[in-house]
Participant: 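Dumping the structure here so I can ask a few things about it.
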Amino acid sequence: MATTTVKTETFVGKRIRRREDPRLITGTATYVEDVQMPGMHYAVILRSPHAAARIRSIDTKQAVAAPGVVCVFTGKDIKGVGAVPCGIAMPDLRVPPHTILATDRVYFVGHPIAVVVARDRYLARDAADLIEVDYQVLPAVADPEKALAKVVKQRIVSQRLVPMAMETRGVVAEWHGADRQLNLYTSTQIPHLVRTLVAGMLGLEENRMRVIAPEVGGGFGSKLNVYAEEALTGYVSMKIQKPVKWIESRRENFTCTIHGRGHVDFYEIAAKRDGTILGIKLKLIQDVGAYHQLLTPLIPQLSVLMMPGLYNTQNIRADIVGVFTNCVPTDAYRGAGRPEATHGIERMVDMLAAELQMDPAEIRLKNFVTKDKFPYPTATGLVYDSGDYATPLKKALDLVGYHKLRQEQADARKQSKYMGIGISTYGEICAIGPSPATPAGGWESATVKIEPSGKVTIMTGACPHGQGEETTFAQIAADELGVGLDDILVLRGDTAVVQYGIGTFGSRATAVGGSALYYALQDLKAKIKKFGAMLLESEDVTLTGGKVICNKTGNSKSLQEIAGATYRALKLPPNTEPGLMATRFWEPPNFTFPFGAHIVVTDIDGETGQIKIRRYVAVDDCGNILNPLIVDGQVHGGVAQGLGQALWEQAVYDDNGQLITGELMDYAVPRSHMMPWIESHHTCTPSPVNPLGVKGVGEAGTIGCSPAVVNSVVDALSPLGVRHIDMPLTPEKIWKLLATKN
Amino acid sequence: MIAQKFEYTAPKSLDEALHLLASGAKPIAGGMSLIPMMKLRLAAPEHLVDLRALKDLSYIREAGGQLHIGATASHYDVESSALLRQKCPLLTETAAAIGDVQVRNMGTIGGSVAHADPAADYPAALQALEAKFVLQGAKSERVVGATDFFVDAFTTALEPGEILREVIVPIDDARTGTSYQKMAQPASGFAIVGVAARVRQNAGKISFARLGITGLSNRAYRASASEKALEGKSSTPADIQSAAALVAQGIDANSDLHASADYRRHLAVVHASRALKTALSRIA
């Protein structure tokens with residue numbers, strides 16, 4: 001009987017609503033805080049109120065005797081636990097020993113000193129107040145420049161920011177002594193790496209530890225880390241033989257979870273009179289904080305790698321100076337080194353244009369690496385995979401109506417109105433990355449199982465926590481196998497369920513993890529065809545629309561029939577094992593290098609200094625787009641955080657090392673009503689380095705945004721001789737410029 | 001972010017609430033200021049009495065030619081009240097400028113006013129409206145005017161054991177225009193500076209002007225010098241500018257991370273001028 005081929009619906013490239021959203025929107029998702037266990041105990045951590053102090057003594061007697069308290073541990077009580085790890089090795093890198101609890105010295109406000117464990121969180125919190133610590137307060141250094149000799153050059157600050165995941169960190173540790181098994185629920189972006197490293201800290205065999213990242217409510221890099229509390233909660237559970245929960249308060253999140261940025265940069269840019277860029281020089285001062293966390297020393301190196309931006313110059317020089325301060329460590333925050341670099345470069349290019357009286361769009365078009373030069377090796381040792389930098393800029397200029405706006409601006413200036421047009425053309429390093437360029441392996445893994453019923457289960461080694469891969473990975477698999485989205489389940493975040501993986505960060509999950517998935521699917525498709533051919537007794541078959549079809553007879557076997565046959569195994573094709581499961585560990589040959597152009601039009605209130613964003617045009621090229629809805633969401637979120645840095649957010653420490661923007665009443669995270677309308681558009685230059693042609697888009701918005709905003713405001717104020725303003729662009733800063741320059 | 005232990009009572013009647021308050025309990029309504037302070041352990045009341053449990057205290061009604069607003073009317077209740085929109089639009093405009101949607105759903109006019117945060121929005125409008133506050137104790141009640149009610153930062157004329165039961169505002173005629181202009185602190189939504197203007201015109205001249213200022217100093221106040229400067233003027237831009245220039249006269253301005261004293265003074269002048277212009281433009 002001949003059958004016609006069913007033309008199945010395809011999913012890749014469509015605006016598919018996120019399959020993870022129903023549980024998130026209805027409040028039924030399980031976060032670490034939602035994990036309940038019989039006999040649960042609660043840990044509260046006593047932290048240093050001082051930025052620098054010697055601990056003379058700690059008296060825990062009253063706390064131990066308080067109602068409901070089971071035990072109190074101080075640094076001296078913790079035996080046999082390794083240091084909080086720094087994953088970056090460099091010659092002469094000074095890595096101070098970082099114990100999970102302080103012993104005789106504290107180095108930042110929030111430094112953990114003791115842990116109180118009680119059968120109730122409230123009792124534990126009350127008891128923590130009863131611990132008496134005798135401190136000898138020492139002078140603190142909160143300003144990295146104060147620890148260094150003075151240098152005078154063009155100084156550009158990328159201020160410290162608080163990553164501010166909506167869900168704070170939290171850990172539940174459950175020790176089964178008889179089985180020698182530690183289950184650790186933690187809000188992390190990297191469950192497998194946490195398992196390897198925390199098992200190492202605790203002296204536990206890695207296979208005796210299971211790490212589960214349940215629903216993770218945002219990370220932005222702050223959960224791309226291994227923290228003292230992960231080992232501490234595990235340690236306490238092992239000691240008291242009970243499950244223990246520690247949930248970070250928002251105040252702790254401000255003072256004890258890593259911060260981002262924290263740069264003071266000194267840039268020089270050289271060019272010919274015609275605007276041809278000759279070279280860029282940078283001295284980068286990185287505020288390290290009190291310790292190196294997992295990737296701290298890597299972040300300024302990413303800035304240096306990114307220094308050429310999109311421009312055709314082989315002359316790059318950079319010096320990095322890391323300065324320890326009595327503040328919480330800095331580490332990866334959305335973009336991790338690339339926004340800092342892009343901000344500096346894009347500001348310098350604008351300054352150069354002003355100096356040479358060139359149009360900022362023109363000077364960029366003149367200096368872009370041209371389309372024919374790819375793959376393009378940079379002075380910093382990268383090879384840009386593919387690019388077409390002029391196209392998104394031209395598209396953005398068209399969309400915003402650039403020439404008309406410049407005319408309007410000229411008219412506005414005649415009426416003493418301040419209107420600015422700011423351009424940033426950014427590049428990115430994504431799909432992190434080839435293993436030799438990363439500290440812990442840069443590959444990613446995927447397993448695909450087709451169950452006997454034909455249903456598909458994907459286990460990804462990446463750990464999506466808001467990026468939507470439960471949807472995009474299902475789209476990829478649905479199209480490859482010819483099944484529906486509802487036939488597919490995507491699992492992640494549990495080391496007992498998922499093969500070893502690296503995690504989600506650096507816009508890598510789809511480009512690297514999705515590619516691993518793609519190859520695992522190819523393996524399975526080959527096996528499906530083999531079984532289909534055997535069942536159809538034909539050599540000439542095609543897999544399409546969820547069926548294997550004999551090209552001669554038109555006879556077909558459904559995926560379900562074939563899956564059943566692989567497990568029933570009455571008959572096997574030659575040299576073929578039963579079952580339908582494939583695992584791939586895919587090593588990317590290169591990073592990917594997305595790019596784009598953002599244009600921001602601002603109007604400044606000449607009386608108050610307030611900035612109003614009139615237009616925000618983003619043209620991002622992230623290669624092929626699997627789901628435009630999700631890409632839009634990533635761009636919007638990225639731009640929101642970029643605007644946060646440009647206009648509002650700053651982690652401010654006073655001279656004593658106290659964080660004075662340490663709560664949401666003072667630290668201005670952008671709210672929905674503060675957001676402009678984002679006109680999000682794309683160009684598409686597929687990446688040649690992976691089979692999906694995707695590049696990554698998680699950080700693009702953040703990287704493109706801040707220089708476009710600052711360039712726009714500086715442009716508005718340029719008739720007054722303003723050349724640079726450091727972020728955040730508070731109305732008072734603008735008002736002072738208006739008052740002094742007018 | 002875990003509060004200390006406290007007792008909690010949801011009283012059935014105002015008398016019961018007053019009785020508990022007389023024995024040292026602290027009232028709570030929306031909790032938009034008190035709860036965060038308790039979580040940070042900056043406040044540790046032993047006993048909270050929840051006034052929102054008193055259903056009959058959230059009214060908004062007209063009586064005797066005035067408007068009466070029960071203490072537990074939420075900011076959203078005020079913002080969305082058709083009666084207030086028609087007869088006291090300054091109050092609806094101000095309520096709509098408070099914090100964010102969540103805060104406006106939970107926070108109450110009585111709680112905000114009794115807390116007397118020096119950067120709260122309502123006090124500016126209530127100063128400009130010459131509002132009256134009904135303070136009820138266990139044995140008696142008294143009525144205090146706005147100028148006497150706001151004493152200092154977080155300090156009002158309320159005595160221990162008293163609650164703010166009602167806010168009374170006047171109904172202005174059609175020759176009166178009002179406006180509330182503020183610059184919000186981007187993190188908290190509180191006013192860096194907020195100015196409420198209420199002006200009346202007669203035969204082209206300003207016959208009456210009231211200006212309430214918040215955020216600038218330790219308490220919301222009336223800018224009397226500006227008010228006097230406006231009376232009898234014909235509201236030219238120069239008249240408004242010279243009156244607005246007086247709003248911060250003699251005021252010890254606040255200074256913090258979000259705005260220096262100089263900037264706040266400047267913003268007070270700018271916002272006074274804008275509030276006056278807008279108010280005048282709204283006169284029918």
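Chain letters run A, B, ... following the sequence lines, proteins first, then strands; residues in each count from 1.
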Participant: Taking NZ, NE, NH1 and NH2 as the nitrogens, is one of them in A:Asp126 or B:Lys5 under 4.0 Å from a carboxylate oxygen of the other?
Facilitator: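 Not counted as a salt bridge, because no side-chain N and carboxylate O are separated by less than 4.0 Å.
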
Participant: Let me know if A:Tyr122 has heavy atoms under 4.5 Å from chain B in its side chain, its backbone, both or neither.
Facilitator: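 The answer is both parts of A:Tyr122.
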
Participant: Do B:Arg52 and B:Thr108 pass the side-chain hydrogen bond (donor to acceptor under 3.5 Å, both in side chains) test, and can you show the C-alpha distance, the side-chain angles, and the key distance before you say yes or no?
Facilitator: CA-CA 9 Å; B:Arg52 271 183 320 177; B:Thr108 65; over 6 Å; no

Participant: Look at the aromatic rings of B:Tyr122 and B:His75 and report parallel, tilted or perpendicular, splitting at 30° and 60°.
Facilitator: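 Perpendicular: the ring planes of B:Tyr122 and B:His75 meet at over 60°.
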
Participant: Measuring centre to centre across the rings, with the benzene-like ring taken for any Trp, is B:Phe6 within less than 6.0 Å of B:His47?
Facilitator: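 Distance test on ring centres: not under 6.0 Å, no.
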
Participant: Heavy-atom distance under 4.5 Å to chain A: side chain of B:Leu40, backbone, both or neither?
Facilitator: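 The side chain, not the backbone.
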
Participant: Output the option from B:Met183, B:Gln185, B:His271 having the highest count of non-hydrogen pairs under 4.5 Å with chain A.
Facilitator: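 Greatest number of close heavy-atom pairs with chain A: B:Met183.
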
Participant: Do A:Thr255 and A:Val328 come within less than 4.5 Å of each other through their side chains, counting heavy atoms only?
Facilitator: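 In short, these two side chains do not touch, never coming nearer than 4.5 Å.
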
Participant: Would you mind checking which part of B:Ser260 comes under 4.5 Å of any heavy atom in chain A, side chain (CB onward), backbone (N, CA, C, O), both or neither?
Facilitator: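 Answer is both: backbone and side chain atoms of B:Ser260 are under 4.5 Å from chain A.
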
Participant: Under a 4.5 Å heavy-atom cut-off, does chain A meet the side chain of B:His258, its backbone, both or neither?
Facilitator: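 Both backbone and side chain.
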
Participant: Hey, what do you get for OG1 (B:Thr278) to OH (B:Tyr180), rounding to the nearest 0.5 Å?
Facilitator: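 B:Thr278 atom OG1 to B:Tyr180 atom OH measures 13.5 Å (nearest 0.5 Å).
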
Participant: Using only non-hydrogen atoms and a strict under-4.5 angstrom cutoff, which residues of residues 643-654 of chain A touch chain B?
Facilitator: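 Heavy-atom contacts from residues 643-654 of chain A to chain B are A:Trp648, A:Val652.
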
Participant: Find the one option among B:Arg41, B:Gln4, B:Lys39, B:Arg274 whose heavy-atom pairs under 4.5 Å with chain A are most numerous.
Facilitator: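 Of B:Arg41, B:Gln4, B:Lys39, B:Arg274, B:Arg41 has the most heavy-atom pairs under 4.5 Å with chain A.
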
Participant: With a 4.5 angstrom heavy-atom cut-off, which part of B:Ile2 approaches chain A: side chain, backbone, both or neither?
Facilitator: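 Both the backbone and the side chain of B:Ile2 come within 4.5 Å of chain A.
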
Participant: If every non-hydrogen atom of B:Thr156 is compared with every non-hydrogen atom of B:Ala114, which pair is closest and at what distance?
Facilitator: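 Taking B:Thr156 first and B:Ala114 second, the nearest heavy atoms are CG2-O, 3.6 Å.
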
Participant: Would you mind checking which part of A:Met665 comes under 4.5 Å of any heavy atom in chain B, side chain (CB onward), backbone (N, CA, C, O), both or neither?
Facilitator: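 Both backbone and side chain.
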
Participant: Measure distances from A:Asn253 to the heavy atoms of chain B and classify the residue's part below 4.5 Å as side chain, backbone, both or neither.
Facilitator: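 Neither; nothing under 4.5 Å.
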
Participant: If you apply the rule side-chain contact (heavy atoms from CB on, under 4.5 Å), what do you find for A:Ile113 with A:Ser48, and how did you get there?
Facilitator: CA-CA 7 Å; A:Ile113 289 170; A:Ser48 172; 3.8 Å; yes

Participant: Could you please spell out the steps behind the side-chain hydrogen bond (donor to acceptor under 3.5 Å, both in side chains) verdict for B:Gln181 and B:Ser179?
Facilitator: CA-CA 6 Å; B:Gln181 298 287 329; B:Ser179 172; 3.1 Å; yes

Participant: Taking the side chain as every heavy atom from C-beta outward, state whether B:Leu48 and B:Leu34 have any atom pair closer than 4.5 Å.
Facilitator: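 With C-beta onward as the side chain, the pair touches.
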
Participant: B:Glu227: what forms a side-chain contact (heavy atoms from CB on, under 4.5 Å) with it, not counting sequence neighbours?
Facilitator: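 side-chain contact (heavy atoms from CB on, under 4.5 Å) check on B:Glu227 returns B:Arg210, B:Leu211, B:Arg222.
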
Participant: By a 4.5 Å heavy-atom criterion (distance strictly below it), what part of B:Ala184 contacts chain A: side chain, backbone, both, or neither?
Facilitator: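 Contact with chain A involves no heavy atom of B:Ala184 at all.
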
Participant: Quick one: of A:Arg250, A:Arg125, A:Glu607, who has the most non-hydrogen atom pairs under 4.5 Å with chain B?
Facilitator: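 Greatest number of close heavy-atom pairs with chain B: A:Arg125.
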
Participant: Quick one: what part of B:Asp256 sits under 4.5 Å from any heavy atom of chain A, side chain, backbone, both or neither?
Facilitator: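 Answer is neither: B:Asp256 stays 4.5 Å or more from chain A.
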
Participant: Could you state the interatomic distance from CD1 (A:Ile725) to CD1 (A:Ile734), rounded to the nearest 0.5 Å?
Facilitator: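 So the gap between those two atoms works out to 4.0 Å.
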
Participant: Taking atom CE of A:Met164 and atom NE2 of A:His259, what is their separation to the nearest 0.5 Å?
Facilitator: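 Those atoms lie 8.0 Å apart.
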
Participant: Does a side-chain N-to-carboxylate-O contact under 4.0 Å join B:Arg198 and B:Glu93?
Facilitator: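 Here B:Arg198 does not pair with B:Glu93 in a salt bridge, since their nearest N and O are not under 4.0 Å apart.
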
Participant: Which bit of A:Arg121 comes within less than 4.5 Å of chain B, counting heavy atoms only: side chain, backbone, both or neither?
Facilitator: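 It is both, since atoms from each part get that close.
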
Participant: Please state whether the side chain, the backbone, both or neither of A:Glu252 comes within less than 4.5 Å of a heavy atom of chain B.
Facilitator: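 For A:Glu252, neither part sits under 4.5 Å from chain B.
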
Participant: Does any backbone or side-chain atom of A:Pro731 lie under 4.5 Å from a heavy atom of chain B? Answer side chain, backbone, both or neither.
Facilitator: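 Contact with chain B is through both the backbone and side chain of A:Pro731.
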
Participant: Is A:Thr608 close to chain B through its backbone or its side chain, or both, or neither, when contacts mean heavy atoms under 4.5 Å?
Facilitator: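 It is both, since atoms from each part get that close.
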
